[in-house]
> 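Structure incoming, see below.
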Amino acid sequence: MHSPIAVIGGAGRTGTIITRRLAEEGHRVRVVSRHPERALLPPAVDTHPADVRYAHGLGPALSNCRAVVFTVEPGTADSGPHSPETTVYDGVRNVLAAAADGGQRPHIVLVSQIYVTRREHPMNAYGRLLDWRLRGEDEVRASGLPYTVLRPSWLTDNNAAGARVRLEQHDRGNGWVSRTSVAEACVQSLRLPAAAGTTFELYNEPGEEPTDWAPLFGRLVPDRVPAHPGPVR
Ligand SMILES: NC(=O)c1ccc[n+]([C@@H]2O[C@H](COP(=O)([O-])OP(=O)(O)OC[C@H]3O[C@@H](n4cnc5c(N)ncnc54)[C@H](OP(=O)(O)O)[C@@H]3O)[C@@H](O)[C@H]2O)c1
């Protein structure tokens with residue numbers, strides 16, 4: 001059987017949908033969670049305890065994985081264990097190091113958010129959330145691993161904004177997207193080669209949900225990866 005796909009945050013709201021969909025597609029799934037005993041997941045899914053803030057537990061959690069989905073809530077403190085710097089910057093770096101240990105080359109799917117390039121946005125007042133998210137994205141893009149970076153707009157638990165999916169690049173938009181659409185985009189990113197090496201925002205709009213994601217991904221412009229992430233100013 002194939003090696004597993006790790007879903008870090010796979011017991012969360014979007015993460016649970018990703019996990020269920022991957023399991024439905026016949027993949028081996030390993031949910032990485034700080035509290036795996038609390039997770040409500042399909043019986044066939046493995047769980048593994050780990051915390052992205054602490055590198056030591058991630059090696060066993062990510063060993064022999066062919067893909068890693070990172071969908072972790074960042075926290076809003078200015079510093080310390082509940083800050084975006086610790087969770088979505090250090091955390092991403094810890095995950096990349098553990099995932100690539102021993103020469104593994106898993107596909108990394110990072111769930112980020114819109115606004116990350118708009119540092120004047122009020123959300124950046126919360127622990128410099130947007131700056132640190134962007135730094136985490138930059139680490140993924142510069143990692144040399146296959147990757148896809150998703151930037152959901154505001155998340156919903158229904159299709160109030162519609163079920164059609166619109167992908168954008170350049171981070172200038174506003175809107176809503178359902179956790180179901182984001183989860184499906186993660187699953188399809190692992191299936192379709194056109195999603196590799198791309199960064200895109202996700203929105204819903206009135207209409208039907210996509211039956212084929214290939215045309216959506218096919219219109220994306222691949223990232224031009226910087227030699228190395230720049231410093232946070
Ligand atoms: N809310 C929005 O409008 C919005 C918009 C754009 C993007 N996003 C982002 O989209 C993603 C999914 O959002 P969601 O609302 O579906 O998430 P959620 O239900 O809040 O779940 C997030 C998961 O993060 C995990 N987590 C937190 N800290 C962790 C750590 N130190 N180590 C390992 N796992 C950790 C938690 O897992 P355990 O407790 O099991 O460890 C939790 O299940 C998040 O990154 C969110 O920030 C949200």
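Order of listing sets the numbers, starting from 1, for every ligand and every atom in it. We count residues from 1, following the sequence as given. Atoms considered below: every heavy atom in the structure, side chains included; atoms not considered: hydrogens, waters and symmetry mates.
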> Report the residue from Arg21, Arg20, Arg179 that forms a salt bridge (charged side-chain N to carboxylate O under 4.0 Å, His left out) with Glu184.
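That would be Arg21; it is the only one of Arg21, Arg20, Arg179 passing the salt bridge (charged side-chain N to carboxylate O under 4.0 Å, His left out) with Glu184.
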> Against heavy atoms of Ser33, which atoms of ligand 1 measure under 4.0 Å?
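Reading through ligand 1 atom by atom, the close ones are 38 (P), 40 (O), 41 (O).
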> Would you say Ala11 and ligand 1 have an N/O pair spaced under 3.5 Å apart?
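Looking only at distances, the answer is no, because the N/O contact criterion of under 3.5 Å is not met.
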> Which ligand 1 atoms, with their elements, are less than 4.0 angstrom from a heavy-atom of Asp51?
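Taking each heavy atom of Asp51 in turn, ligand 1 has 30 (C), 31 (N), 32 (N) under 4.0 Å.
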> Quick one: which of Ile8, Thr71, Val88 has a heavy atom closest to atom 11 (C) of ligand 1?
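The option holding the nearest heavy atom is Thr71.
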> Could you please spell out the steps behind the salt bridge (Lys or Arg N to Asp or Glu O under 4.0 Å) verdict for Arg118 and Asp171?
CA-CA 8 Å; Arg118 293 186 252 176; Asp171 192 22; 3.6 Å; yes
> Check each atom of ligand 1 against the heavy atoms of Trp154 and keep those under 4.0 Å away; list them by number with element.
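The atoms of ligand 1 under 4.0 Å from a heavy atom of Trp154 are 3 (O).
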> Going by atom types only, do Tyr147 and Asp223 share a side-chain donor-acceptor pair under 3.5 Å?
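Present: a donor and an acceptor within the cut-off.
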> Does ligand 1 have any atom sitting under 4.0 Å from a heavy atom of Ser153?
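Checking ligand 1 against Ser153, which is what was asked, there is a heavy-atom contact under 4.0 Å.
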> Are side-chain N/O atoms of Asn204 and Asn159 paired as donor and acceptor at under 3.5 Å?
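No, Asn159 and Asn204 have no side-chain donor paired with an acceptor closer than 3.5 Å.
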> Please check this pair: side chain of Ser153 against backbone of Leu202, looking for a donor-acceptor N/O pair closer than 3.5 Å.
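The answer is yes, because a donor-acceptor pair under 3.5 Å joins these two groups.
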> If I apply the N/O under 3.5 Å rule, does Val32 come out as touching ligand 1?
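By distance alone, the answer is no.
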> Which residue owns the protein heavy atom closest to atom 15 (O) of ligand 1, what's the atom, and how far is it?
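Going atom by atom, the protein heavy atom closest to atom 15 (O) of ligand 1 ends up being Arg179 NH2, 2.8 Å.
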> Check whether Arg164 reaches the backbone of Pro206 with its side chain - one donor and one acceptor, N or O, closer than 3.5 Å.
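Yes, the answer is positive, given that a donor and an acceptor are paired below the 3.5 Å cut-off.
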> Just which atoms of ligand 1 are under 4.0 Å from any heavy atom in Gln113?
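Those atoms are 6 (C), 7 (C).
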> Examine the proximity of ligand 1 to Ser112 and report which part, side chain or backbone, both or neither, has a heavy atom under 4.0 Å away.
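Only the backbone of Ser112 comes within reach of ligand 1.
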> Which of the numbered atoms in ligand 1 are under 4.0 angstrom from any heavy atom belonging to Pro152?
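Counting from 1, the qualifying ligand atoms are 6 (C).
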> What is the nearest protein non-hydrogen atom to atom 24 (O) of ligand 1, stated with its residue, atom name and distance?
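Nearest neighbour among protein heavy atoms for atom 24 (O) of ligand 1, to 0.1 Å: Glu73 N, 3.1 Å.
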> For Val111, take its heavy atoms, then give the atoms of ligand 1 lying under 4.0 Å from any of them.
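Listed by number with element, the hits are 10 (O), 11 (C).
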> Just to confirm my output: which protein heavy-atom neighbour is closest to atom 36 (C) of ligand 1, and how far is it?
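The closest heavy atom on the protein side is Arg34 NH2, 3.6 Å.
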> Is a donor on one side and an acceptor on the other found under 3.5 Å between the side chain of Gln104 and the backbone of Ala99?
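Indeed, once roles are kept as given, a pair shorter than 3.5 Å links the two residues.
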> Could you check whether the rings of His121 and Tyr115 sit parallel, tilted or perpendicular, using 30° and 60° as the cut-offs?
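Ring orientation of His121 relative to Tyr115: parallel.
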> Just to confirm my output: which protein heavy-atom neighbour is closest to atom 20 (O) of ligand 1, and how far is it?
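I find the closest protein heavy atom is Arg13 NH2, 3.3 Å.
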> Using distance alone, with no hydrogens and no angle criterion, decide if Thr76 and His82 have a side-chain donor and acceptor under 3.5 Å apart.
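Thr76 vs His82: no donor-acceptor pair found between side chains.
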> Could you check atom 48 (C) of ligand 1 against the protein and tell me its nearest heavy-atom contact, residue, atom and distance included?
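The closest one turns out to be Leu155 CD1, 3.3 Å.
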> Short list, please: which atoms of ligand 1 are under 4.0 Å from a heavy atom of Gly12?
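Result: 19 (O), 21 (O), 43 (O).
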> Please identify which atoms of ligand 1 are closer than 4.0 Å to at least one heavy atom of Arg53.
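Heavy-atom distances to Arg53 below 4.0 Å select 31 (N).
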> If we ignore angles and hydrogens, is there a donor and acceptor under 3.5 Å between the side chains of Thr16 and Thr19?
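No, no side-chain donor-acceptor contact under 3.5 Å.
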> Any atom of ligand 1 sitting under 4.0 Å from a heavy atom of Arg133?
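Checking ligand 1 against Arg133, which is what was asked, there is a heavy-atom contact under 4.0 Å.
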> Gly10: heavy atom below 4.0 Å from ligand 1, yes or no?
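No, Gly10 has no heavy atom closer than 4.0 Å to ligand 1.
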> Is the closest heavy-atom distance from Pro74 to ligand 1 below 4.0 Å?
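Yes; Pro74 lies near enough to ligand 1 that a heavy-atom distance drops under 4.0 Å.
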> Checking a contact table here: which protein heavy atom is nearest atom 45 (O) of ligand 1, and how many Å away?
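Going atom by atom, the protein heavy atom closest to atom 45 (O) of ligand 1 ends up being Val72 O, 2.8 Å.
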> Using a 3.5 Å cut-off on N or O atoms only, is His35 in polar contact with ligand 1?
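His35 vs ligand 1: no N/O contact under 3.5 Å.
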> Consider side chain to side chain donor-acceptor pair (under 3.5 Å). Of Gln169, Gln113, Glu168, Glu137, which one does Arg151 pass it with?
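The option that passes is Glu137.
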> Give the residue, atom name and distance (to 0.1 Å) of the protein heavy atom nearest atom 25 (C) of ligand 1.
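Ranking protein heavy atoms by distance from atom 25 (C) of ligand 1, first comes Gly9 CA, 4.0 Å.
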> When you check the side-chain N and O atoms of Arg141 and Thr199, is any donor under 3.5 Å from an acceptor?
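Present: a donor and an acceptor within the cut-off.
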> Heavy atom to atom 32 (N) of ligand 1, shortest distance: which of Val52, Val31, Val95 holds it?
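It is Val52 that holds the nearest heavy atom.
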> Among protein heavy atoms, which sits nearest to atom 16 (O) of ligand 1, and what does the distance come to when rounded to 0.1 Å?
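The closest one turns out to be Thr14 OG1, 2.6 Å.
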> Specify the closest pair of heavy atoms between Thr87 and Pro81, including all atoms of both residues, with the distance to one decimal.
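Heavy-atom minimum between the residues: CG2-O, 4.0 Å.
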> Kindly indicate whether the side chain of Leu96, heavy atoms from C-beta on, has any atom under 4.5 Å from the side chain of Leu145.
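Yes, their side chains come closer than 4.5 Å.
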> Once rounded to the nearest 0.5 Å, what's the spacing between atom CZ of Arg66 and atom CG of Leu190?
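Reported value, rounded in 0.5 Å steps: 8.0 Å.
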